[in-house]
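Read through the structure below, which is laid out as structure tokens, and then see the notes.
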Amino acid sequence: MTAAKKIKEPLIRIAKRTELTKRQTMLLRFGSVALALVAGGLFILAIGTNPFEAYATIISGAFRSAMAVQGTVKICIPLLISALGITLAFKMKFWNIGAEGQIIMGAIFASYFALFHSDLPHWLLLLIMFLAGSIGGGLWGLIPAFFKAKFGTNETLFTLMLNYIALDIIIFLRDGPWADPESGGFPKIARFDKNAQLDQVFGVHSGWIAAVIIAVFVFVYLKFTKSGYEISVVSESHATARYAGMNPKKIMLKTMFISGAICGIGGMVQATGSDMTLATSVAGGVGFTAIIVAWLAKLNPFGIMVVSFLFAVLEKGSSVLQSSFGLSSYCSDVLQGIILFFVLACEFFIRYKFVVRKNSKEVAE
Amino acid sequence: MDFWVNLISAAILAGIPLLYGTVGEILNEKAGHLNLGVEGMMAMGACAGFMAGFYTNNAIVAIIAAFLAGALGAAIYALLTVTFKADQNVTGLTLTIFGLGLSNFFGEYMLTNSGSSSLKLPTEITAELNSVSIPVLSDIPVVGKILFSQSPFVYLGVLIAVLVFIYLRHTKMGLNLRTIGENPAAADALGINVTAMKYINVIIGGGICGIGGAYCSIIYCGGVWMANSVNGLGWIAVALVIFASWSPLRAIGGSLVFGAFSVLKYYVPKDVITIPNAIFDMLPFLITALVLVISSIRQSKENAQPASCGTNYFREDR
């Protein structure tokens, strides 16, 4: 039984790579995005449209005029803010899929003041709405964190359910207590008073300033504060955190409150800056797209600024695809999906490589 | 009596897509993959099933197309998570966004190409798939209407659930699969081909989800194409897996209960209590959240999520 056996090595096996340099990693990532765009191009080609023209239309559609650029930035703002909020939770490996609901709750809380206290001084009103939005989103983020800390409830599914519950709360308000009496039976909530709307700065509502400030805040919070350090310890191991004298449950609750609060601000900004009312579409899938954005940017706040802008370009440009090629604007969802599929696969090639069998060799027992 | 017969029939109609999604997801999770792409796979099935029905006017082709579309979505997921070890949460979510986008995209593409304002399936196919009255049996009062005059989707769904149950519980392959879900390294050491088993089960599970999607677009929307016809059912299915504690048989009951919740608003007499519709629409999600909390408090070892669920297996990492 001690004789050396001939062991058949599999034809292809996976082996760890020696660490790549930062440049090589970046090159691989950009390469995968480029490949994704090629794949997306093939998809566009397959349905009978010239992919070069389609891509050119997307880009020109997002930049062709000052108004188009402003529209692009407008799409970018809630996406950026929510992706930043999600980043905090994801850094902690808390799978917050509930940004959608947190956006909605933030918008609802802020809308209460916009609808019923619009006679307050403008700046005071906006400040209160801002705080209300962050509290609404924060509380909605706190609920799953509480149950996760207390009972270990699966947060992925729980946050998800809260999304739908939040959406139904808007519908409930729209159909009942907050229904616009002047809408003539059409279900909607009244338009906000001018006093309760965000001011325009450079032709776009001032939510973009909030977004930039939040990006810096998240960056500093994660990188240079004790809380940021605690998050990274908790994400690695709760036991280690406890050993170091931290309270992982408290950290989880705090982080999720801030994560939800940031998403809530996104909702407040969307409602008061863009929609000028509380619409059921206030989140409109942004909470989900934000997850992709955060992931693509490797949870780096400045990366998120870049990626969310690119996604906004894709989305704004895709709406032009509809008018010029008759292609539905859902095209941008498909392209986003394809890009992330490729980047997800690329992460594998950063860490591992395939080794093809050379010849079977003798292996001692 | 009529009231209950109607309520149960409506609950079955509303619960069937959940059954497909739940059984498909159970197969995924038993293979150790928490696939959050159910909504996307169902959407892909919804679109493919509708298109196939629209162009071929053949019910069986429509169901097969839906299965293949769902399986295609699952194959992408399997490639990324099984071979490329990508994060299961993010991959699943991406699959949902991609699947929904693709489905809505092709739906609108068909609509613009047809030149009319709406797409309607040929009446024969909707009639064929809507309800089959089994002769004699369907004439039995009460039971006949509930059990023997349903859509073929209902019979197929129950059949699939029972087959998956037998497969998981009473076949060698099913035992192997459960081993993989609990401890892939041990399964690997036993000589089970972990990779192949994961691929097969994830893909078949996705196909089953796809059929559920076809039900949404063909039956639920009355044979007229509507964007987002799946409308969150895929997510409820993911949660129903927990409610059914990973048993395809309990999934049948579970989807019936959840189906009942979603149609309850039409059956509560308006003159007794008036509850806004939005509160009713909230119920399935609220109850799912409750179920999540309760099952996490109970933490039963017996009916728990397969232990390896959510983490990818990588042989060289041991």
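Residue numbering restarts at 1 for every chain, and letters A, B, ... go by the order of the sequence lines.
No part of B/Tyr77 comes within reach of chain A, as not one of its non-hydrogen atoms sits under 4.5 angstrom from that chain. With a 4.5 angstrom heavy-atom cutoff, A/Leu160 touches chain B only via side-chain atoms. For A/Ile171, the parts lying under 4.5 angstrom from a heavy atom of chain B are both the backbone and the side chain. Proximity to chain A involves both the backbone and the side chain of B/Leu286, based on heavy atoms less than 4.5 angstrom apart. In this structure, chain B has heavy atoms under 4.5 Å from both the backbone and the side chain of A/Ile338. For chain B, the nearby parts of A/Ile165 are the backbone and the side chain; heavy atoms of each come within less than 4.5 Å.
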Apply side-chain contact (heavy atoms from CB on, under 4.5 Å) to residues A/Ile169 and B/Met282 and explain how you reach the verdict. CA-CA 8 Å; A/Ile169 293 178; B/Met282 204 186 279; 3.7 Å; yes
Hey, mind stepping through A/Phe158 and B/Val293 against side-chain contact (heavy atoms from CB on, under 4.5 Å) and telling me if it holds? CA-CA 8 Å; A/Phe158 199 90; B/Val293 172; 3.3 Å; yes
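Ranking B/Ala278, B/Ala239, B/Pro284 against chain A, the residue ahead of the rest is B/Ala278, based on heavy-atom pairs under 4.5 Å. The greatest number of non-hydrogen atom pairs below 4.5 Å with chain A, out of B/Leu80, B/Asp87, B/Leu292, B/Asn104, is found for B/Asn104.
Between atom CG of residue B/Leu34 and atom CG of residue A/Asn154 there is a gap of 7.0 Å, rounded to the nearest 0.5 Å. The OG atom of B/Ser296 sits 12.0 Å away from atom NZ of A/Lys150, with the distance rounded to the nearest 0.5 Å. How far OG1 of B/Thr288 is from CG of A/Leu162: 11.0 Å, rounded to the nearest 0.5 Å. Interatomic distance, CG of A/Leu157 versus CH2 of B/Trp235, reported as 8.0 Å (0.5 Å rounding).
Scanning all heavy atoms of the two residues, the minimum distance from B/Gly101 to A/Asp333 falls at CA-CB, 3.7 Å. Minimum interatomic distance between B/Ala227 and A/Tyr330 (heavy atoms only, all atoms of both residues): CB-OH, 4.2 Å. Pairing each heavy atom of B/Thr83 with each of A/Phe348, the nearest pair is O-CE1, 3.5 Å. Shown here for A/Arg351 and B/Lys85, the closest heavy-atom pair between the two residues is NH2-O, 4.1 Å. Among all heavy-atom pairs drawn from B/Pro276 and A/Phe172, the shortest one is CG-CE1, 3.4 Å.
Residue-environment remark: NZ (A/Lys188) exceeds the threshold of 12 foreign heavy atoms within 6.0 Å.
Taking the six-membered ring for Trp, A/Phe349 and B/Phe84 have ring centres closer than 6.0 Å.
When the heavy atoms of residues 41-50 of chain A are compared with those of chain B, the residues falling under 4.5 Å are A/Phe43, A/Ile47, listed by number. Interface with chain A: from residues 89-100 of chain B, residues B/Asn89, B/Val90, B/Thr91, B/Leu93, B/Thr94, B/Leu95, B/Ile97, B/Phe98 qualify, criterion being any non-hydrogen pair under 4.5 Å.
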